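Written below as structure tokens is the structure these notes are about.
Throughout, protein chains are lettered first and strands after them, A, B, ... in sequence-line order, and every chain is numbered starting at 1. In this text, all values refer to a predicted model and were calculated from it rather than measured experimentally.
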2 protein chains.
Amino acid sequence: MVDISQCSEIKCPIQFVVDLLDNKWSILVLRELFGGDRRTHQLLAALPGISTKTLTQRLRELEAQGIVDRQVYAEIPPRVEYSLTPKGRQIQPVMAALHQVGSQWLEQESCMCPLIRDY
Amino acid sequence: MVDISQCSEIKCPIQFVVDLLDNKWSILVLRELFGGDRRTHQLLAALPGISTKTLTQRLRELEAQGIVDRQVYAEIPPRVEYSLTPKGRQIQPVMAALHQVGSQWLEQESCMCPLIRDY
DNA sequence: CCGGATCCAAGAGGATACTG
DNA sequence: CAGTATCCTCTTGGATCCGG
């Protein structure tokens, strides 16, 4: 239950989502996870330029928001898999809309991002 | 399985849009413009915390992308109005999706943002 | 009223080395 | 392999002043 009694005004839903996701990598991390469960090194490989520190930060934030799930397997060497929670999958319409608009603006049909599976 | 080995030169549409809009205010500026044409001081008032410099930067970037139109009236005092171009209006599905998901996550129906007019 | 120019603080995030 | 800890750079963007 959301307690908005502390708010002097009603929150804008758009701003709410933007506040959660407006940093350099969050959307792209989620895009990868729409392609299925991913291990840490897979995400690092799929997101050229991201550092381990930043990736971990983003994943922890998304986990704290209940958007991403972190599964740790007690193995040597360690194995950690990340996946979308049901809440996380709720942003699928946003990803689809971004994909559609981006395709228009690029005037390009093909796409290498994992979300293409959903089309 | 998506084969990404042969299409590294193909841009991801999602990343393309994210690259255009992932800064602190762009999405919110556009949200305001979906409510209709806006003058500078209206945008400043609608976006608490934004500075004139930052607002101008965002608007110039969006203008350069062909997303926003800037109309200057030769009056004293000056009047400048910003509006969405047809290309800019193409992101309406993104805004609608953000709004829908944000409403779910907030567990809140009402909304004070201009986009509500489109529902 | 609009917005350019400057200055500056804060923080995001990359590179690297290291631990379990 | 996964993640942490430093260090450090660079960008973002806020505050202010000024000019058209």
TODO: Using atom types as modelled and distance alone, determine if a side-chain donor or acceptor of B:K87 lies under 3.5 Å from a backbone N or O of B:Q65.
DONE: yes
TODO: In whole angstrom, give the distance that lies between atom CG of A:D37 and atom P of D:dA2.
DONE: 13 Å
Open item on the list: For A:A46 versus A:R31, what's the shortest heavy-atom pair and its separation?
Closed with: O-NH2, 4.2 Å
Task: Spacing between B:L44 atom CG and C:dC2 atom C1', to the nearest angstrom - done: 10 Å
TODO: Identify, with sequence neighbours excluded, every residue that meets salt bridge (Lys or Arg N to Asp or Glu O under 4.0 Å) alongside A:E63.
DONE: none
Task: Strand contacts (DNA chain D) in residues 70-85 of chain A, 4.0 angstrom heavy-atom criterion - done: A:R70, A:P77, A:P78, A:V80, A:Y82
Task: Pairs touching residues 71-80 of chain A that satisfy salt bridge (charged side-chain N to carboxylate O under 4.0 Å, His left out), sequence neighbours left out - done: A:E75-A:R79, A:R79-A:E81
Task: Length of the NZ-P vector between B:K24 and C:dA12, whole Å - done: 10 Å
Task: A:H41 NE2 to D:dG3 C1', straight-line distance once rounded to whole Å - done: 15 Å
Provide a list of protein-nucleic acid N or O atom pairs under 3.5 angstrom, restricted to nucleotides 4-7 of chain D.
unit_1 : atom_1 : unit_2 : atom_2 : d
D:dT4  : O4     : A:T52  : OG1    : 3.3

Task: Verdict with reasoning, A:I67 to A:L30, per side chain to side chain contact (heavy atoms under 4.5 Å, CB included) - done: CA-CA 9 Å; A:I67 292 171; A:L30 294 176; 3.7 Å; yes
Task: Separation of atom CG in A:L59 from atom P in D:dA2, rounded to whole Å - done: 11 Å
TODO: For B:Q42, enumerate each residue passing the side-chain hydrogen bond (donor to acceptor under 3.5 Å, both in side chains) test, keeping only those at least two apart in sequence or located in another chain.
DONE: none
TODO: Please step through side chain to side chain contact (heavy atoms under 4.5 Å, CB included) for the pair A:T54 and A:K24, ending with a clear verdict.
DONE: CA-CA 9 Å; A:T54 302; A:K24 194 171 178 180; over 6 Å; no
Open item on the list: Looking at C:dC2, I'd like to know if its phosphate oxygens (OP1 or OP2) sit under 4.0 Å from a side-chain N or O belonging to B:R39.
Closed with: yes
Task: Atom pair distance, as rounded to whole Å: CG in A:L55 and P in C:dA15 - done: 14 Å
Task: Nearest-Å distance for atom pair CZ/P, residues B:R38 and C:dC1 - done: 17 Å
TODO: Measure the distance from CG on B:N23 to C1' on D:dT11 and round it to the nearest whole Å.
DONE: 12 Å
Task: Non-neighbouring partners of B:T40 that pass side-chain hydrogen bond (donor to acceptor under 3.5 Å, both in side chains), sequence neighbours left out - done: none
- [ ] Considering non-hydrogen atoms only, spot the tightest contact between A:L28 and B:Q15 and give its length.
- [x] CD1-NE2, 3.6 Å
